[in-house]
Amino acid sequence: MDRKGSKQLYSKLFCIYTAILLCAISALVIYFYSSTKNRFLEQNMNYTEMMSEAAQTYLEDTSEIAEYIHEDLYKSNMELKDVLHYMSDEPQDYLRYRLNIYSENKNIEYKGIDKFFQNAFQAYSSLNHITLYSYERGEFTEYTRDGRSYRRNASTDFKQRFANDNLADKNYFSYLKEIRNPQSMQVKGCMILGFRSIRFESIWQYYSRAQLMVYNDSGTEVYNSADEYPAEDILKVTEKERLENRLEAYVIQTENAQYHTLSYLKKNEASKVPAPAVFMIIFTGIAVALLGGLLVRYHLQQLAWRLNRIIDGMARVMDGNLDVRIPLDKNGDELDVISGCFNQMCINLEEHIKKRYLAEIEQKNAEMETLQSQINPHFLYNTLEAIRMKAICNGDREVGKMLYSLAVTFRAQIKEADVITMAQELHYCKQYMELFEFRYQNQFYSVIECPDEYLKVPVIKFVLQPVVENYFIHGIRMKEEDNYIKIKVEKKGCYQIVAEDNGRGMTEAEIAAKNRELEQDSMEKQSSIGIANVNRRLKAVYGRAYGIRIETGPQGGLRVILRFQPAVTEEGGGVEQGKEKPAAGSKAMK
């Protein structure tokens, strides 16, 4: 036969499965990459919004600080008067005023504008400088955080910026608070509170993906993280959509008093996935593809191996070997069905050949078996009975009695049903023990006790003989003359046959180990009948809860308990009755 393997099928399936796997993994990689882009876009938009909120919060906080300082100035009468005199009087007159106030109130600490501004700097770390500007005198004095002050005439640039309400720079931004005389309500000047803009730098660095701009109504930039677009050009675009198109970014605008914040995120950067994340997605896809390829290859190799096994079996059958059987993998698939049908076909074919071509040989074998069956157990039983009668005729009744016990035991093995009565089982056991009483004369005696109501209880045959035989093999004390074995039938929930002896016995450890083996039914199957065989038969017939248990006997030997519970206990309930007359119940034998 020109045998072809399954390589072609293997190659085709491998290519198809691999292509499907690669397509599925590619789709998953694209999906995860798209999902990651959307997730980064959403995350970056949230960061942009949080950055805008943080910048707006800082502007609101500084505006409230400026308002608090302005209100605190009006709450202190001494400090307010000091500011009003400072703005209105000449320097010499202002100093004279302070000395007069101090001399008039020697016990009171003088609270002037210097002390007031020093406390303000200590209270608010974001406050950079405070400037007092006198409208009447055209002078301004700048107070810094280091406690210094600089008084000078206002320059033309300052006046122009003041007139345009443009008091901001890249390093700071300011709020103007006018100071009035509370009695005449006349405006004497103003207080300009400048705050640091470096705080915007820290906000932008925390949300570094988007850009941040802070500017006032005049277009002066307080902070610009990118320096790409002038604030004046942005002020000209009033519509958000047009601004987004111009900046090519997502835009968030806020406004607080004269200051504006602009947070924008470039569209080409908004959904950009970092290189490590892209590498991780690709690496995961490649790893899954390799693992899937290995699994596909393994599965196809198993399939090819099973196909080759079927092809090999067919080739061997074609060569004339009908004993071929293809093992079933128990997968339940079509290959197992094919293998099962192939095995059945071989069996049917072999049977057909035997019927057609081996009929003559089978006939000769049948004739030979018929000749051999002439010598059977019935012939042996009849021979034992003839010898027994001859011994009785010769006056040797003891030998006759031994042969009778042996014949009864032998006949029970070949003729009785599998289930007999308790009376029959005890009778056969009695005949068996009588043989040993002849063998060990004056060294052994036995006792059997059974209430009359238990004599017709059905039980499987030959459960007692192996127990008694085990005693004569392992337990009897050959040098003693008081050996005995007592068999008693009782009922304690279930039926029990108890065999007690005074033999050599076993240690507690040996008894525990033996009971463990009997409970688990873990002993290997033996060719001869023994306790393990009886235990296995009891469990098989009556259930796992029954069987044999061994205990230490009251006289130092062993106490073997056979537990069983027959399903039918009524008289004659489906139990084959023995033909021999059983021993009477509750009768002791010696």
Side-chain angles (χ1 to χ4, degrees), residues 26-64 126 166 168-175 195-285:
S26 300
L28 288 175
V29 169
I30 294 173
Y31 169 75
F32 282 116
Y33 179 75
S34 177
S35 300
T36 304
K37 286 185 64 176
N38 294 333
R39 183 168 58 85
F40 273 97
L41 174 60
E42 182 179 358
Q43 178 180 337
N44 291 332
M45 290 298 296
N46 290 335
Y47 283 167
T48 304
E49 185 176 354
M50 287 188 289
M51 182 177 67
S52 177
E53 292 177 355
Q56 180 67 17
T57 300
Y58 181 59
L59 289 175
E60 292 175 356
D61 292 342
T62 54
S63 177
E64 291 177 358
S126 59
N166 186 16
D169 201 348
K170 282 195 173 183
N171 295 324
Y172 66 92
F173 59 98
S174 304
Y175 296 96
F195 293 88
R196 299 176 181 178
S197 60
I198 193 173
R199 172 63 178 167
F200 296 114
E201 176 72 18
S202 61
I203 293 174
W204 173 76
Q205 288 180 353
Y206 189 79
Y207 307 98
S208 58
R209 183 61 64 90
Q211 303 298 332
L212 177 64
M213 288 182 62
V214 182
Y215 52 92
N216 61 9
D217 293 337
S218 301
T220 301
E221 295 181 0
V222 175
Y223 178 77
N224 190 346
S225 61
D227 290 331
E228 292 180 332
Y229 307 100
E232 296 178 353
D233 295 342
I234 294 176
L235 284 172
K236 295 177 183 179
V237 182
T238 56
E239 297 180 2
K240 181 180 179 181
E241 183 176 355
R242 290 180 55 194
L243 183 60
E244 287 184 347
N245 293 334
R246 180 173 181 178
L247 298 180
E248 296 180 351
Y250 301 102
V251 174
I252 299 177
Q253 287 180 298
T254 59
E255 183 178 355
N256 180 30
Q258 72 270 31
Y259 294 102
H260 305 265
T261 62
L262 175 66
S263 301
Y264 63 95
L265 179 64
K266 288 289 186 179
K267 292 182 178 180
N268 58 349
E269 296 287 337
S271 60
K272 184 176 181 181
V273 181
V278 176
F279 175 77
M280 180 60 65
I281 293 175
I282 296 175
F283 175 78
T284 303

Query - Under the side chain to side chain contact (heavy atoms under 4.5 Å, CB included) test, residues paired with Lys272 that sit two or more places apart - result: Glu269
Query - Results of side chain to side chain contact (heavy atoms under 4.5 Å, CB included) for Glu64 - residues two or more places apart only - result: Asp61, Tyr68
Report task. Name all residues meeting the side chain to side chain contact (heavy atoms under 4.5 Å, CB included) criterion together with Val273; count only those two or more places apart in sequence or in a different chain, and write none if there are none. Result -> Tyr33, Thr36, Lys37, Phe40, Ala277, Val278
Query raised in the report: Do any pairs count as a salt bridge (charged side-chain N to carboxylate O under 4.0 Å, His left out) and have a residue in residues 245-265, sequence neighbours left out, and if so which ones?
Result: Asp233-Arg246
Report task. Just jot down the side chain to side chain donor-acceptor pair (under 3.5 Å) partners of Asn171, sequence neighbours excluded, or say none. Result -> none
Requested in this report: Using side chain to side chain donor-acceptor pair (under 3.5 Å) as the criterion, list what pairs up with Glu244, not counting sequence neighbours.
Outcome: none
Query - Pairs meeting criterion ring-ring contact (aromatic ring centres under 6.0 Å, His included) with involvement of residues 210-254, two or more places apart - result: Tyr215-His260
**Report entry** Contacts of type side chain to side chain contact (heavy atoms under 4.5 Å, CB included), residue Ser35, not counting sequence neighbours
**Finding:** Tyr31
Report summary line: Contacts of Gln205 meeting side chain to side chain donor-acceptor pair (under 3.5 Å) (sequence neighbours excluded), chain-then-number -> Glu201
Requested in this report: Can you tell me which residue pairs pass the side chain to side chain donor-acceptor pair (under 3.5 Å) test with a partner in residues 39-55, sequence neighbours excluded?
Outcome: Gln43-Tyr47
Report summary line: Applying side chain to side chain donor-acceptor pair (under 3.5 Å) to Ser225 and not counting sequence neighbours gives Trp204, Gln211
Query - Side-chain touch Ser126/Tyr58, heavy atoms, less than 4.5 angstrom - result: yes
Query - Those residues that, when tested against Tyr259, pass ring pair (Phe, Tyr, Trp, His ring centres under 6.0 Å) (two or more places apart) - result: Phe173, Tyr175
